[in-house]
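Data first, discussion second: the structure below is written as structure tokens.
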Number of protein chains: 2
Amino acid sequence: MSRASEQAYAKIRAHLLSGAVKPSEQLTEDRLAQITGVSRTPVREAVRRLEDELLLVRSDTKRLFVADWSRDDIEEMFTLRQMLECHAAERAARRLSREQIGALEALNRDLKAAIEQTPPDVARFLDANRAFHEVIIEAAQSPRLGQLLPKLVEAPVVLRTARTYSPDDLRQSARDHDELIAAFAAHDPDWARAVMGSHLRRAFHTFARAVGPAAGKNET
Amino acid sequence: MSRASEQAYAKIRAHLLSGAVKPSEQLTEDRLAQITGVSRTPVREAVRRLEDELLLVRSDTKRLFVADWSRDDIEEMFTLRQMLECHAAERAARRLSREQIGALEALNRDLKAAIEQTPPDVARFLDANRAFHEVIIEAAQSPRLGQLLPKLVEAPVVLRTARTYSPDDLRQSARDHDELIAAFAAHDPDWARAVMGSHLRRAFHTFARAVGPAAGKNET
DNA sequence: CGGGAGCGATTTGTATACAATAACCATCGC
DNA sequence: GCGATGGTTATTGTATACAAATCGCTCCCG
């Protein structure tokens with residue numbers, strides 16, 4: 001995207017991530033234009049992208065709000081993500097080059113280093129983690145898949161970034177990645193799919209635990 | 001969406017469907033503004049939506065083109081659609097109300113009527129077919145799913161609408177729908193998933209046959 | 001003859017002003 | 001007192017003018 005709208009996107013995203021605004025809080029395009037320093041036109045472009053990623057939502061009458069993700073929303077999202085990303089892992093297992101596997105190993109080394117810092121560098125962990133998964137999607141060579149997945153991946157991570165990851169959770173993630181790499185090196189699609197499935201399902205529970213226990217039927 | 005941009009969206013879509021423009025042909029926002037009778041601002045909004053649905057694509061330097069779907073693109077799309085829509089069928093089987101099942105029956109009656117006209121009314125068939133699948137997605141009660149699927153469903157149908165469907169193909173579709181309804185009435189998720197899977201996979205082959213035989217490795 | 005720099009024309013991106021619509025609030029009628 | 005109704009303000013939608021980028025051509029130089 002072009003300069004101003006890309007900048008608006010990044011700034012608004014950072015603004016949401018900073019915790020300066022709360023879920024369900026109303027925003028206006030004017031206000032965002034002030035914050036980002038560009039006019040409403042590129043802001044609208046950026047907002048549309050953020051709506052697509054479900055970080056922002058519009059009310060029935062077009063008013064703009066910070067998205068509020070319930071536990072059920074998060075579960076639904078992880079279920080879909082699991083479906084798509086398991087497929088990606090399967091395809092990637094057939095296609096990953098030696099270089100790409102090397103890249104995954106390097107990223108996971110970085111990820112581990114981020115964990116073992118004191119205190120653990122969660123931001124660095126998340127970056128390495130994202131890059132890791134992106135390599136897999138890239139290798140799956142399915143453009144449509146690459147277009148669909150980001151919409152699912154971004155939202156909850158950004159909105160709940162303040163939460164605490166336990167060191168054990170982080171280490172388990174790293175181990176999952178190790179096993180994924182092993183499955184890829186063996187070019188075994190079934191193995192890769194299975195590992196990715198358990199990896200993401202565990203990630204969901206880790207995530208959900210922090211958000212709150214399973215809700216029975218409450219709305220909000 | 002608001003009036004002008006919605007209108008622009010509909011007109012551009014109709015324009016693509018009419019065959020007045022060919023795949024890979026360049027379009028300009030100005031030209032589309034002329035055609036739709038609104039200014040470039042809402043046109044840009046509409047174009048973004050059509051890009052999202054992969055009916056339009058932008059070159060690396062932001063120029064706008066009519067999308068060109070290769071056979072491989074279509075196969076990829078159907079594979080993803082199958083994955084998601086089987087999931088939807090499974091969920092729908094657990095949730096569909098008696099009224100919704102009644103609605104599906106009515107839609108399939110209409111679909112059959114469209115087939116048995118002479119000549120068959122393909123547009124009416126496609127409308128009923130779309131409505132049928134939308135009821136299922138609605139019943140799946142998965143907002144994210146409802147957001148993802150339209151992006152996959154629209155594009156190839158619109159772009160290849162001129163092609164001929166054989167009466168046998170259409171009748172087989174109607175039979176698939178009958179069996180789906182039976183699976184829903186029995187509230188059997190596994191059955192529903194299986195029927196949806198074969199329904200869509202057959203639809204892919206019907207579709208692909210008209211586009212051209214499986215290409216080995218050709219690019220374009 | 002080929003390749004690249006420069007320039008005019010085309011196309012997309014951004015800012016701004018204004019129009020349309022929705023929310024808010026106070027007042028009126030019952 | 002309570003709900004409907006009108007006017008006022010806030011917010012989003014659209015048109016338009018202008019800026020930036022890109023394309024395609026010509027012309028020049030090697």
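Order of the sequence lines sets the chain letters (A, B, ...), proteins ahead of strands, with each chain counted from 1. This one's a predicted model, so the numbers in the text were calculated from it and none came from an experiment.
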ring-ring contact (aromatic ring centres under 6.0 Å, His included) against [X], all qualifying residues, sequence neighbours excluded:
{"X": "Phe132(A)", "answer": "His177(A)"}
{"X": "Phe125(B)", "answer": "none"}
{"X": "Phe78(A)", "answer": "Phe204(A), Phe207(A)"}

For [X] and [N], give me the distance from atom [atom1] to atom [atom2], rounded to whole Å.
{"X": "Glu6(A)", "N": "dT14(C)", "atom1": "CD", "atom2": "P", "value": "10 Å"}
{"X": "Asp30(B)", "N": "dC18(D)", "atom1": "CG", "atom2": "P", "value": "15 Å"}
{"X": "Leu27(A)", "N": "dA10(D)", "atom1": "CG", "atom2": "P", "value": "17 Å"}
{"X": "Glu29(B)", "N": "dG13(C)", "atom1": "CD", "atom2": "P", "value": "6 Å"}
{"X": "Arg58(A)", "N": "dA22(C)", "atom1": "CZ", "atom2": "P", "value": "13 Å"}
{"X": "Arg3(A)", "N": "dA20(D)", "atom1": "CZ", "atom2": "P", "value": "9 Å"}
{"X": "Arg31(A)", "N": "dT12(D)", "atom1": "CZ", "atom2": "P", "value": "13 Å"}

Under a 4.0 Å heavy-atom cutoff, the residues of residues 34-53 of chain B touching DNA chain C are Arg40(B), Arg44(B)

Using the test salt bridge (Lys or Arg N to Asp or Glu O under 4.0 Å), find all partners of [X] that sit at least two apart in sequence or belong to another chain.
{"X": "Asp127(A)", "value": "Arg130(A)"}
{"X": "Glu51(B)", "value": "Arg58(B)"}
{"X": "Lys112(B)", "value": "Asp178(B)"}

Output yes when at least one side-chain N/O atom of Ser2(B) is less than 4.0 Å from OP1 or OP2 of dA20(C), else no.
-> no

Whether over 12 other heavy atoms sit under 6.0 Å from Glu138(B) CD = no

Pairwise N/O distances under 3.5 Å, protein to nucleotides 22-24 of chain D:
{"from": "dT22(D)", "atom 1": "O3'", "to": "Thr61(B)", "atom 2": "OG1", "distance (Å)": "3.4"}
{"from": "dC23(D)", "atom 1": "OP1", "to": "Thr61(B)", "atom 2": "OG1", "distance (Å)": "2.6"}

Which pairs, with at least one residue in residues 87-96 of chain A and sequence neighbours excluded, count as a side chain to side chain donor-acceptor pair (under 3.5 Å)?
-> Glu90(A)-Arg193(A)

Identify whether any heavy atom of Leu32(B) sits under 4.0 Å from a base atom; if not, whether one sits that close to sugar-phosphate; answer base, sugar-phosphate or nothing.
-> nothing

Please answer whether the main-chain N or O of Ala174(A) pairs with a side-chain N or O of Asn108(A) as donor and acceptor at a distance below 3.5 Å.
-> yes

